[in-house]
Every structure is written in C-alpha cells, then in structure tokens.
Amino acid sequence: MDIHTELMQEALAEAREAEKKGEVPVGVVIISSNGELLAKAHNESISRNDPTAHAEILALRKAGKKLGNYRISNSTFYVTIEPCIMCIGALINARIHHLVYGARDPKAGAVDSLYNIPKDPRLNHRMKVTSGVLERECQDIIKSFFRRLRDKQYKLVASQQT
C-alpha cells in the first residue's frame, strides 16, 4: 500500500467520526515533510454552530498551533473531498505544499470541479495537487450520508401528511 492510500484511509476514519456525530463526513490528515503527523480533523460545523468549522480549517488551526506558525509549509494535506473556496483559500494562505484529495465535489469544489483556484496565476503560492486517491470510498461515504439525510427528511414529511 502506498503512503497516499494509507493516509487517505486515516482521513476516511476522521470522516467516519464526523458521520457518527451527524456532521457531513469529511476528514483531514496533515503530514510534515519528514512524515510527522501535524493534525487530524473532521467537520464540526453543525455541532459548533460555525460555518467555518470545516475539517480543513480545523486541521490547519491544530497544525498551526503545533508548529507555532500560521505557515504550514512543506506539508502534505489529505482530505476526503475536494476543498471548497474557503478551504482552498486557507490552504494557499497556509502555504501547503501538496494537496491530496479523494473525491471531486461537483457542487462546491474549488480545485478542479467548479474552480481551479490553486492554478490561478495571480496568486503568489502554488501547490501540487493529486486527486482521486480512494475516490470510490470517499464518494461513497458522502453520498450515503446525504442519501440517508434525504430519506429521513422524506419520511418526516410523509409522516406529517398522514
């Protein structure tokens, strides 16, 4: 098993933790250039009542605190789904060296799907991007979460109509 697969499995474990808490199942792992674990996190926007409490933002905060620096240079950032505009902006500001993500996000993805912010030549930082690592598993966890949510909402509406 290669290192990207191994670390994406750790990010998926974080996503499962989010799912257990009723959060959108997204997980992150950040590794330094020498292989040290800098941070792990999962979505907590719902439980914190905080729209910025995405897994990416929480992991960056933890890594910054651990390093004593807002720059998390020379690190590799693993996330189960393509980052949104807010999160990719934060990764760029943190000077992440390499972004590895699992599944594309056709509704909010800001790396490949809707936008390609990391490759915008007007920005002063570039990062390497690797996509599709454990793509199927990363897609499945998010799709099944939203399917269950829709089914639950449908059953609630149906029960109110009877």
Side-chain angles (χ1 to χ4, degrees), residues 1-19 23-33 35-46 48 50-64 67 70-150:
M1 177 182 322
D2 78 345
I3 191 70
H4 289 333
T5 301
E6 182 180 325
L7 291 165
M8 189 60 74
Q9 285 178 337
E10 287 191 42
L12 276 164
E14 283 294 315
R16 287 185 203 94
E17 286 300 311
E19 186 175 34
E23 298 278 355
V24 176
V26 176
V28 168
V29 174
I30 307 175
I31 303 296
S32 72
S33 59
E36 176 188 5
L37 174 66
L38 296 177
K40 290 183 181 184
H42 54 269
N43 275 0
E44 295 185 29
S45 294
I46 297 166
R48 291 182 183 220
D50 180 355
T52 69
H54 288 198
E56 296 94 330
I57 302 301
L58 298 175
L60 288 172
R61 288 176 182 160
K62 288 178 183 179
L67 294 171
Y70 72 102
R71 297 280 166 96
I72 304 155
S73 305
N74 302 315
S75 62
T76 303
F77 192 99
Y78 294 86
V79 61
T80 55
I81 194 157
E82 178 183 2
C84 69
I85 294 168
M86 173 182 70
C87 292
I88 196 62
L91 270 67
I92 289 166
N93 285 328
R95 302 300 192 261
I96 296 297
H97 172 71
H98 188 183
L99 166 65
V100 180
Y101 75 86
R104 285 183 177 226
D105 184 351
K107 294 185 178 184
V111 178
D112 289 311
S113 296
L114 294 179
Y115 305 99
N116 194 331
I117 293 173
K119 293 220 170 48
D120 189 319
R122 297 168 293 183
L123 298 174
N124 64 348
H125 176 69
R126 303 282 174 273
M127 72 179 67
K128 180 179 177 183
V129 175
T130 302
S131 62
V133 176
L134 295 179
E135 182 175 18
R136 172 70 66 176
E137 293 91 333
C138 293
Q139 280 177 339
D140 287 349
I141 192 170
I142 216 121
K143 283 182 176 182
S144 65
F145 174 82
F146 283 111
R147 188 178 314 113
R148 284 191 310 277
L149 190 62
R150 283 189 303 274

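None of these values were measured; they are calculated from a predicted model. Computed from heavy atoms alone, side chains included, the values below leave out hydrogens, waters and symmetry copies.
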### Task
Measure the CZ-CD1 distance between F146 and I142 for me, rounded to the nearest 0.5 Å.
5.5 Å

### Task
Measure from the side-chain N and O atoms of N43 to the backbone N and O of V24, and report whether any donor-acceptor pair falls under 3.5 Å.
yes

### Query
With distance as the sole test, does R104 use its side chain to make a donor-acceptor pair with the main-chain N or O of Y101 at under 3.5 Å?
no

### Message
Using side-chain heavy atoms (C-beta onward) and a distance below 4.5 Å, is V111 in contact with S131?
### Response
no

### Task
Find out whether L58 and R48 are in side-chain contact, i.e. whether some heavy atom of one side chain is under 4.5 Å from a heavy atom of the other.
yes

### Task
State the CG-OG distance between L37 and S75, to the nearest 0.5 angstrom.
11.5 Å

### Task
Heavy atoms only: give me the nearest C84-A110 pair and the separation to one decimal.
C-CB, 3.6 Å

### Query
Of all heavy-atom pairs between P25 and A15, which one has the smallest distance, and what is that distance?
CB-O, 3.4 Å

### Query
Within the distance-only criterion (no hydrogens, no angle test), does the side chain of E23 pair as donor or acceptor with the backbone N or O of S45 below 3.5 angstrom?
yes

### Query
Is R95 reaching over with its side chain to a backbone N or O of Y70, donor-acceptor style, under 3.5 angstrom?
no

### Query
Does the side chain of V79 reach to within under 4.5 Å of the side chain of H54, using non-hydrogen atoms?
no

## Note on the structure
Between the CD1 atom in I30 and the NE2 atom in H98, the distance rounded to the nearest 0.5 Å is 14.0 Å

### Task
Provide the closest heavy-atom pair for R16 versus I141 in the form atom of the first, atom of the second, distance.
CG-CD1, 3.7 Å

### Query
Knowing that exactly one of T80, L7, V29, D140 qualifies, which makes a side chain to side chain contact (heavy atoms under 4.5 Å, CB included) with L12?
T80

### side chain to side chain contact (heavy atoms under 4.5 Å, CB included) partner of L91, chosen from E56, M86, H97, H125
E56

### Query
Which atoms form the tightest heavy-atom contact between G102 and M8, and what is the distance?
N-CE, 3.5 Å

#### Entry: Y115 atom OH, over 12 foreign heavy atoms within 6.0 Å
no

### Task
Begin with the C-alpha distance, continue with both residues' side-chain angles, and end with the deciding distance and a verdict on side chain to side chain contact (heavy atoms under 4.5 Å, CB included) for N74 and S32.
CA-CA 6 Å; N74 302 315; S32 72; over 6 Å; no

### Query
Going by heavy atoms in the side chains, are D50 and E44 under 4.5 Å from each other?
no

### Summary
Distance col, row F77:CZ vs I72:CD1, nearest 0.5 angstrom, shows 8.5 Å

### Task
Evaluate the criterion side chain to side chain contact (heavy atoms under 4.5 Å, CB included) for residue pair L60 and I96; output intermediate values, then yes/no.
CA-CA 10 Å; L60 288 172; I96 296 297; 3.9 Å; yes

### Task
Provide the closest heavy-atom pair for Y78 versus A11 in the form atom of the first, atom of the second, distance.
O-CB, 4.2 Å

### Task
Supply the atom-to-atom distance Q9 CD to H4 NE2, rounded to the nearest 0.5 angstrom.
13.5 Å

### Task
Please check if the side chain of Q139 supplies one atom and the backbone of A103 the other of a donor-acceptor pair under 3.5 Å.
no

### Query
Donor-acceptor pair, E82 side chain versus D105 backbone, under 3.5 Å?
yes

#### Entry: Check: L99 and I88 side chains under 4.5 Å, non-hydrogen atoms
yes

### Query
Distance from R148 atom CZ to E19 atom CD, nearest 0.5 Å?
4.5 Å

### Shortest non-hydrogen separation from A63 to A39 and the atoms involved
N-CB, 3.8 Å

### Query
Can you check whether L67 reaches E36 side chain to side chain, under 4.5 Å on heavy atoms?
no

